[in-house]
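The structure appears below as structure tokens.
Numbering starts at 1 and runs along the sequence shown. For ligands, and for the atoms within them, numbers begin at 1 and follow the listed sequence.
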Amino acid sequence: MDEDSVRGGDSHLKTCVVLGGRGFTGRSLVSRLLRLGNWTVRVADSGHTLHLDASDSVLEDALSSGRASYHSVDVRDKPQIVKATEGSYVVFYMGATDLPSHDYFDCYKVIVQGTRNVISACRESGVRNLIYNSSADVVFDGSQPIRDGDESLRRPLKFQSMLTDFKAQAESLIKFANNRDGLLTCALRSSIVFGPGDTEFVPFLVNLAKSGYAKFIIGSSENMSDFTYSENVCHAHICAAEALDSNMEFVAGKDFFITNLKPVRFWDFVSHIVEGLGYPRPSIKLPVRLVLFVFSLLKWTHEKEGLGSNYDTAHQYALLASSTRTFNCNAAKKHLGYTPVVTLEDGIASTLQWFSRDLEKFDDTIIQSTADQLLGCGKVADLLLWRNEKKTFLSFLFLNLFYYWFFFSGNTFTSSAAQLLFIFAVALYGVAFVPSKIFGFQVKKIPPWRFEISESAVRDLSRDIVVVWNQGVRGFKSLSIGGDWIKFFKIAGSLYLLKLIVSRSLAAFLFTVMSFSFTAFFIYEQYELELYHLARIFIECLTVLKRMVIPVSGASSKPMFM
Ligand SMILES: NC(=O)c1ccc[n+]([C@@H]2O[C@H](COP(=O)([O-])OP(=O)(O)OC[C@H]3O[C@@H](n4cnc5c(N)ncnc54)[C@H](O)[C@@H]3O)[C@@H](O)[C@H]2O)c1
């Protein structure tokens, strides 16, 4: 369907309601309907008032010209829906994803009971067509691949999540409501919707990338998937609204898969998004079973602790990311007249543009790494974190020379120090005879003040020494009072360790400390996020094991329904 032909063809404005019209797909649909020019649009959503932003210019114009209006509607409240839908021809019911997934009862009330209310309200207010924004997830059980799946696919007996189960129930209600009291219905099952303003899939990828997880590929990376650009989902809805009238026999009471008609490797798509937003593309492969096991374990612990599960989305992502899921849209093409209006490539490009602008707003602050903070964020940190490679390398070289001089020259420590001072004095005296230019090169002389120590530096140093000394004295004083065994073991243990190091091999110890300082902090800074998350997973796994060994009496498991 061409926008221009619609504009020119019908001058009579039809009234429609977009329920959930302030959500990701809802906004896009509202704006497309208004741009088409032959609809009066009632935007209905749960917000008490309408908050417009920069992306709402089309809606803003329509509101002022009377071609759009806003209605505060909670789908749990039928009279509100009746009021908003009265006298309208079509209701596009977008549904919600922004629900607290751990509160099953609330989700049930919004998704299933809400759909019952919408159907009943549409009947009561004489609505002709009801189109439900369903999801391709309703035929996916998380374990069996779907290749070129069409509408003959049966629903799984068990769903990957409770929300998908509710969504499938809502879809059934919509289909069964068809052709009763003059209401015609159909459902559109789009597969992985993305686009500007996405609230689910792309933000999830961005969060993964920010936390360093987007480097990982779950499984072989060969699995294919179908994605749908949001504008195409909206176009499909409008096609369905027209087809319910013109092709009722094949459309009413049916469901249709909607995609961009271009299956791609799931990981190619993710790489495009992640790399396009400036993060490294996924490259490290992880076994599917391992990832699923870790997520199941974490989900189980959280549920046991009564915290709800934060890992639902992650678990679903892992299933989606490791399975093949492609759909056949022949029915939508044939009966709805649907073909994508935006290609996958163009869709990815505009999504990246939108999210890049969004990310720029938040990237102004410079975040200091933990390694930097541990090292005091000063000159030592700069040196050990290799901020200036030449400086760090020279420092490392000099320290190694000193080390060799003091420990491996065959002299005692005192004679090594005396020899060093002697060489230093000779070098200083010799500097006086060096000409200011050698073979045309300027020789820079170090001014004597560079070797002076300022009074304030001496004061700071002596203050630090006094503080450390007093702390030591307080420690020994509290030791003399007795009774604190932990403190005793800490102090005695450290002193004994020091004695061992000094008596056995101070040289080996210093060499280890030196090599460690110049490498460990640097490596830690490079992989800080990954190490942090690995440590978190490790600690959570330990907690699970601990709970298995020592069951906590107070732990409650959350019931599915209240
Ligand atoms: N995003 C995807 O990848 C995707 C894919 C396929 C299908 N879907 C389906 O599309 C639907 C909409 O998805 P979305 O991404 O636009 O969701 P969204 O979360 O961005 O928007 C949902 C809207 O519903 C409103 N809402 C929430 N509770 C409500 C209530 N009780 N009464 C009235 N309005 C309420 C919210 O205010 C919000 O504006 C969902 O049902 C989802 O299952 C989404």
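Between the choices Gly95, Gly23, Ser72, the shortest heavy-atom distance to atom 24 (O) of ligand 1 belongs to Gly95.
The closest side-chain donor-acceptor pair between Ser350 and Tyr229 falls under 3.5 angstrom. Counted by atom type alone, Asp150 and Asn330 present zero donor-acceptor pairs between their side chains at under 3.5 Å. In this model, a donor atom of one side chain and an acceptor atom of the other lie less than 3.5 Å apart for Thr164 and Ser161.
A salt bridge does not link Lys109 with Asp103: every distance from a Lys NZ or Arg NE/NH1/NH2 to an Asp or Glu carboxylate oxygen is 4.0 Å or more. Asp181 and Arg123 are joined by a salt bridge, as a carboxylate oxygen and a charged side-chain nitrogen come within less than 4.0 angstrom of each other. Of the charged side-chain nitrogens involved, none lies within less than 4.0 Å of a carboxylate oxygen, so that Asp255 and Arg155 do not count as a salt-bridged pair.
Scanning all protein heavy atoms for the shortest distance to atom 41 (O) of ligand 1 gives Lys167 NZ, 2.1 Å. With hydrogens left out, the protein atom closest to atom 5 (C) of ligand 1 is Val193 CG2, 3.2 Å, a heavy atom. Of the protein's heavy atoms, Asp45 OD1, 3.2 Å lies nearest to atom 25 (C) of ligand 1. The protein atom (non-hydrogen) at minimum distance from atom 10 (O) of ligand 1 is Asn133 ND2, 2.7 Å. In terms of protein heavy-atom proximity, atom 14 (P) of ligand 1 is nearest to Thr25 OG1, 3.5 Å. The protein non-hydrogen atom at the shortest distance from atom 32 (N) of ligand 1 is Val75 N, 3.0 Å. What sits closest to atom 11 (C) of ligand 1 on the protein, heavy atoms only, is Met94 O, 2.7 Å. Of all protein heavy atoms, the one closest to atom 17 (O) of ligand 1 is Thr97 OG1, 2.9 Å.
With Phe194 as reference, Phe269 is the one residue of Phe201, Phe269, Phe355, Trp354 to meet the ring-ring contact (aromatic ring centres under 6.0 Å, His included) rule.
The backbone of Ser134, and not its side chain, has at least one atom closer than 4.0 Å to an atom of ligand 1 (non-hydrogen atoms only; backbone = N, CA, C, O). Only side-chain heavy atoms of Thr199 come within less than 4.0 Å of ligand 1; its backbone N, CA, C and O stay farther off. When heavy-atom distances to ligand 1 are checked against a 4.0 Å cut-off, Val73 comes that close only through its backbone atoms N, CA, C and O.
Between the side chain of Asn247 and the main chain of Leu336, no donor-acceptor pair closer than 3.5 Å is present. Listed for the Thr324 side chain is no donor-acceptor partner under 3.5 Å among the backbone atoms of Asn223. Judged by distance alone, with hydrogens and angles left aside, the side-chain atoms of Trp267 form no donor-acceptor pair with the main-chain N or O of Ser283 at under 3.5 Å.
Residue-ligand proximity, Asp74 to ligand 1, at heavy-atom distances under 4.0 Å covers atoms 30 (C), 31 (N), 32 (N). Taking every non-hydrogen atom of Ser190 and a distance limit under 4.0 Å, the qualifying atoms of ligand 1 come out as 6 (C). The distance from ligand 1 to the heavy atoms of Phe24 drops below 4.0 Å at these ligand atoms: 15 (O), 16 (O), 18 (P), 20 (O), 21 (O). Contact atoms of ligand 1 toward Glu200: 1 (N), 2 (C), 3 (O) (distance under 4.0 Å to a heavy atom of the residue).
With a 6.0 Å cutoff to the six-membered ring centre and a 45° limit on the axis angle, Arg189 does not count as a cation-pi contact of Phe327.
Not close to ligand 1: Gly114, with no non-hydrogen atom less than 4.0 angstrom away. Heavy atoms of Gly47 stay at 4.0 angstrom or farther from ligand 1.
Annotation: Lys83, atom NZ; neighbour count of heavy atoms from other residues, nucleotides and ligands within 6.0 Å does not exceed 12.
For Asp198, no nitrogen or oxygen atom sits less than 3.5 Å from a nitrogen or oxygen atom of ligand 1, counting backbone and side chain alike.
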